[in-house]
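When a ligand or atom number is given, it counts from 1 through the structure's own listing order.
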Amino acid sequence: MEQTFIMIKPDGVQRGLVGEIIGRFEKKGFTLKGLKFLTVDQAFAEKHYADLSSKPFFNGLVEYIISGPVVAMVWEGKNVVTTGRKIIGATNPAESAPGTIRGDFAIDIGRNVIHGSDAVDSAKKEIGLWFPEGVANWSSSLHPWIYE
Ligand code: UDP
Ligand code: MG
């Protein structure tokens, strides 16, 4: 089953959106496989966003991600990478549809509340980086009520 890496950024934590965000993924029917609350350092944030290191916003992005604790999660389900990105909404909240997390809770691109992997390959890389110890091995008893 496909997995994705989702992170509630420091602004999402500060603004009390943790329960709301976890609830949206839970209610959709996805399965929580990993969860931790931690503050990462600069080297770790730079590694997570290594692909963006040449961008003009990179330093500000790293500062933002290390500015407070984040909620790191692994969610599992059919098409969870693509559907997770839809639940999150467009990168720039000015363009995120209402009903998406960024569309409902964010205004500026540099304070857009949440991260989600953009492809199955990057999800695998990010899960390996954030959960080197592995994730939980369980399956929900609701499975037959969610999948046909
Ligand atoms: N970002 C920013 N300014 C930009 C583009 C991106 O501050 O012009 C930040 C924003 O927090 C975004 C993150 O960098 O979520 C990673 O950018 P990416 O293009 O990967 O967007 P995402 O995958 O998060 O939608
Ligand atoms: Mg991205």
- Item | Donor-acceptor contact present, side-chain Tyr147 to main-chain Lys78, <3.5 Å | yes
- Message: For atom 18 (P) of ligand 1, tell me which residue out of Leu52, Ile88, Val62 has the closest non-hydrogen atom.
- Response: Leu52
- Message: In terms of relative ring orientation, are Phe25 and Phe30 parallel, tilted or perpendicular, with 30° and 60° separating the classes?
- Response: tilted
- Task: Please work out which of Ile65, Asn112, Asp118, Asp51 has its closest non-hydrogen atom nearest to atom 12 (C) of ligand 1.
- Result: Asn112
- Message: Given 3.5 Å as the limit, does a donor-acceptor pair link the side chain of Gln42 with the main chain of Ile66, or not?
- Response: no
- Item | ligand 1 contact by Lys9, heavy-atom criterion under 4.0 angstrom | yes
- Message: Give me the residue, atom name and distance of the protein heavy atom closest to atom 8 (O) of ligand 1.
- Response: Phe57 CD2, 3.6 Å
- Message: Taking Leu17 as the starting point, is it possible to reach Leu32 by hopping between hydrophobic residues whose side chains are less than 4.5 Å apart?
- Response: yes
- Task: Assign the ring pair His115 / Phe5 to parallel, tilted or perpendicular, where the plane angle (0 to 90°) is split at 30° and 60°.
- Result: tilted
- Got an N/O contact under 3.5 Å between Arg85 and ligand 1? yes
- Using a strict 4.0 Å cut-off to heavy atoms of Gly110, name the atoms of ligand 1 that fall inside it. 7 (O)
- Measure the distance from atom 22 (P) of ligand 1 to every protein heavy atom, then report the residue, atom name and distance (to 0.1 Å) of the closest one. Thr91 OG1, 3.5 Å
- Message: When you measure from the side chain of Thr82 to the backbone of Asn79, do you find a donor-acceptor pair of N or O atoms at a distance under 3.5 Å?
- Response: no
- With a 4.0 Å cut-off on heavy atoms, does Leu61 reach ligand 1? yes
- Any donor and acceptor pair, going by atom type alone, linking the side chain of Lys33 with main-chain N or O of Ser139 inside 3.5 Å? no
- Look at ligand 1 and say whether Lys55 reaches it with a heavy atom at a distance under 4.0 Å. no
- Against heavy atoms of Tyr49, which atoms of ligand 1 measure under 4.0 Å? 16 (C)
- Flag, side chain of Arg102 to backbone of Ile114, donor-acceptor distance under 3.5 Å: yes
- Query: Any idea which protein heavy atom is nearest atom 24 (O) of ligand 1, and the distance to it?
  - Reply: Arg102 NH2, 3.1 Å
- Query: In terms of residue, atom name and distance, what is the protein heavy atom nearest to atom 10 (C) of ligand 1?
  - Reply: Ile109 O, 3.4 Å
